[in-house]
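For clarity, every value in this text was computed on a predicted model and none was experimentally measured. Basis for what follows: all heavy atoms, side chains included, without hydrogens, waters or symmetry-related copies.
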Amino acid sequence: MTNPSANSSRAAAPRWTREQIRAARVVPLVPLLLQRGLPLRERDAGNFELASHPGLLLKDSYWRWPERNLAGNAIDFCVQVLGMSFHDAMRALLHA
């Protein structure tokens with residue numbers, strides 16, 4: 001027997017195209033974070049550091065956090081650092 005509530009929750013989740021996912025991966029992070037009111041510190045070579053996460057460096061749509069051995073694109077940042085779901089991250093990035 002299947003669980004009807006599980007099926008309905010799957011149906012409610014949007015399906016993202018490959019093009020939308022590619023576009024979300026390369027959304028610049030600095031304007032997005034400034035828009036959300038998160039303070040950033042400018043560093044050398046066009047890098048920024050998220051004030052609330054010492055050592056986490058941002059540049060364009062990429063980030064790295066050497067102390068935690070983490071890095072990735074804009075979607076990864078929203079999911080791994082901000083704790084968003086994939087769908088919420090996609091919505092935030094595509095409507096930034």
When every non-hydrogen atom of Trp63 is compared with those of Phe77, the smallest separation belongs to NE1-N, 3.2 Å

Main-chain N/O of Pro66 paired to Asn69 side chain as donor or acceptor, under 3.5 Å:
no

Taking every heavy atom of Glu67 against every heavy atom of Pro54, the minimum-distance pair comes out as OE1-O, 4.5 Å

Decide side chain to side chain contact (heavy atoms under 4.5 Å, CB included) for Leu94 and Trp16; before the verdict, give the C-alpha distance in whole Å, the side-chain angles of both, and the deciding distance to 0.1 Å.
CA-CA 11 Å; Leu94 294 178; Trp16 303 100; 3.7 Å; yes

Evaluate the side-chain proximity of Val26 to Asn73: yes if any heavy-atom separation is below 4.5 Å, no if none is.
no

Student check: side-chain heavy atoms of Leu70 and Gln80 closer than 4.5 Å:
yes

Kindly say whether Ala45 contributes a backbone atom to a donor-acceptor pair with the side chain of Lys59 at under 3.5 angstrom?
yes

Considering all heavy atoms of both residues, which atom of Val27 and which atom of Leu93 are nearest to each other, and what is their separation?
CG2-O, 3.5 Å

Do Leu56 and Leu58 touch side chain to side chain, with heavy atoms closer than 4.5 Å?
yes

For Arg43, does the CZ atom sit with more than 12 other heavy atoms under 6.0 Å from it, leaving out its own atoms?
yes

With a 4.5 Å cut-off on side-chain heavy atoms, are Trp65 and His53 touching?
yes

Kindly check if the number of other-residue, nucleotide or ligand heavy atoms within 6.0 Å of CZ (Arg18) is above 12?
no

Are the side chain of Glu49 and the backbone of Leu57 linked by a donor-acceptor contact shorter than 3.5 Å?
no

